[in-house]
Amino acid sequence: MNIDSLLIFAAVSALASFFVCFSLTKWLIQFLTTKKMTVLDYHKADRPSIPRPGGPAILVAIIIGEAILFVVSGSYAILGLILTTLIAGLIGIVDDLKTLGGIAKPALLLVAGIPLVAIEYFVPNANVYTPAIYLPLIHRATHTPIIYPLLVLVALPVVTNTVNTIDVLNGVVSGFILIACIPVTFDIFLRVLANKTEPVVLLAMLPILAGSGAFFVFHRYPSRIFPGDSGSIALGAAYGTMAIIGGAEVVAVIAILPAILNSYLFLSTMKRLVEHREIKNQPTIALPDGSLIATDDPKAPVTLVRMLVSKSALSEDEASKDILKLALYCALLAGVTAILTWVI
Amino acid sequence: MLELFAIFTIAWVLVLVGTVLIFDFIVPFHYWGGIYDSAAKGVFATILGIAWLYALNLMRDVFVRRNILTKKERVLSD
């Protein structure tokens, strides 16, 4: 297939993802509210009930968009992306309905990376990923033929959980992924110019951007729906898989530094894998007017939001905007890293 | 907020300096191949990761704990 036809189908896949996510989310808001599948939004003065999970809309939108690209291109990398996102999203839906534990969820997510490794091993010339890492300022590939497949299996649960932990305030996780995808797309674009990645892999980013963008319309402050674990895990899995099949590992890590820091600080203070909803000592206190302030409780985990509101109280809107500002800054650093890797 | 921008800048510089130091100057891995090479890369990458996390921990103590621990006094004085 020539590049013009591919671009047309890429546009179709992005539009399909956007409209599927948009209309499905709208429908889910009504459906979940009717079924009383709602949770309290504690960070607002009137504590409204918000429908959850909206993740299935994100999952279906990404799968449909990527499926269009797979049918027209036959790329095994995109097939791997579809299967990985699907498995992770389904685990997220189970988590939303049954609440998996802090250890069970990452353990189950180990399964999500298997399709990528299996296709690469069993299908000749599948080109799902290249077992080599290009590091900034080093103009040669660091070949990792043995470690890389293991990293794929471990990286996906780590990335999905890391993205999951940033789902703390209205609009943060969808906006965060939307921003983090920009430098990753840029890095893959530079790789395509250097003939290191196939153009169709770059186009595979479009349905993810379109899906998360459509969901952000409803998820931004004040949220009309929450993504739930299914949403954040599906977004995290799609993002992590794009980093692997696009060879943008280092850039992808830098772009999600705020989420990594949040996850790390949480783990370093809690000393174990634990679900947020199991925490007894909350890191922030919601004041009667809905604004947030850091707790003085030494047993409470240190988190990004606690750090943000440690000096003075912030409204949820201000705190979520601050997180997105940090995401933009890290996206800029990640973009510079891509230039240091492929241009300078 | 400014402290957080500083933390992310330092973390980014550590990634760049760490990867270049370890993977280009100290051990030029790209010339090697085989299972021992992979094991060595794994060990060095782990050391880099631990050093990075340790640095983040130090920054947390310097930048964050101070704010949180003194918040009570500030609120009272306000």
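The model shown is predicted, which means the values in this text are computed figures rather than measured ones. Throughout, a chain's letter reflects where its sequence line sits, starting with A, and its residues are numbered from 1.
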**Q** Hey, mind stepping through B:F8 and A:Y329 against ring pair (Phe, Tyr, Trp, His ring centres under 6.0 Å) and telling me if it holds?
**A** CA-CA 9 Å; B:F8 292 127; A:Y329 180 65; 7.5 Å; no

**Q** Hey, which of A:P258, A:P136, A:A132 has the most heavy atom pairs under 4.5 Å with chain B?
**A** A:P258

**Q** Go through the atoms of A:L151 and report whether side chain, backbone, both or neither lie under 4.5 Å from a heavy atom of chain B.
**A** neither

**Q** Look at atom CZ of B:F5 and say whether more than 12 heavy atoms of other residues, nucleotides or ligands are closer to it than 6.0 Å.
**A** yes

**Q** Would you compute the distance between atom CG of A:L265 and atom CD1 of B:I7 and round it to the nearest 0.5 angstrom?
**A** 7.5 Å

**Q** How long is the span from the CG atom in B:L16 to the CG atom in A:L135, to the nearest 0.5 Å?
**A** 10.0 Å

**Q** Against chain B, label A:L340 side chain, backbone, both or neither, depending on which of its atoms sit under 4.5 Å from a heavy atom there.
**A** side chain

**Q** So how far is it from A:D322 CG to B:L4 CG, rounded to the nearest 0.5 Å?
**A** 9.0 Å

**Q** A:L257 versus chain B, heavy atoms under 4.5 Å apart: side chain, backbone, both or neither?
**A** both

**Q** For residues 176-189 of chain A, which side-chain N or O atoms pair as donor and acceptor with protein atoms under 3.5 Å away, sequence neighbours left out?
**A**
| residue | atom | partner | partner atom | Å |
| --- | --- | --- | --- | --- |
| A:T185 | OG1 | A:C181 | O | 2.6 |
| A:D187 | OD1 | A:W342 | NE1 | 3.1 |

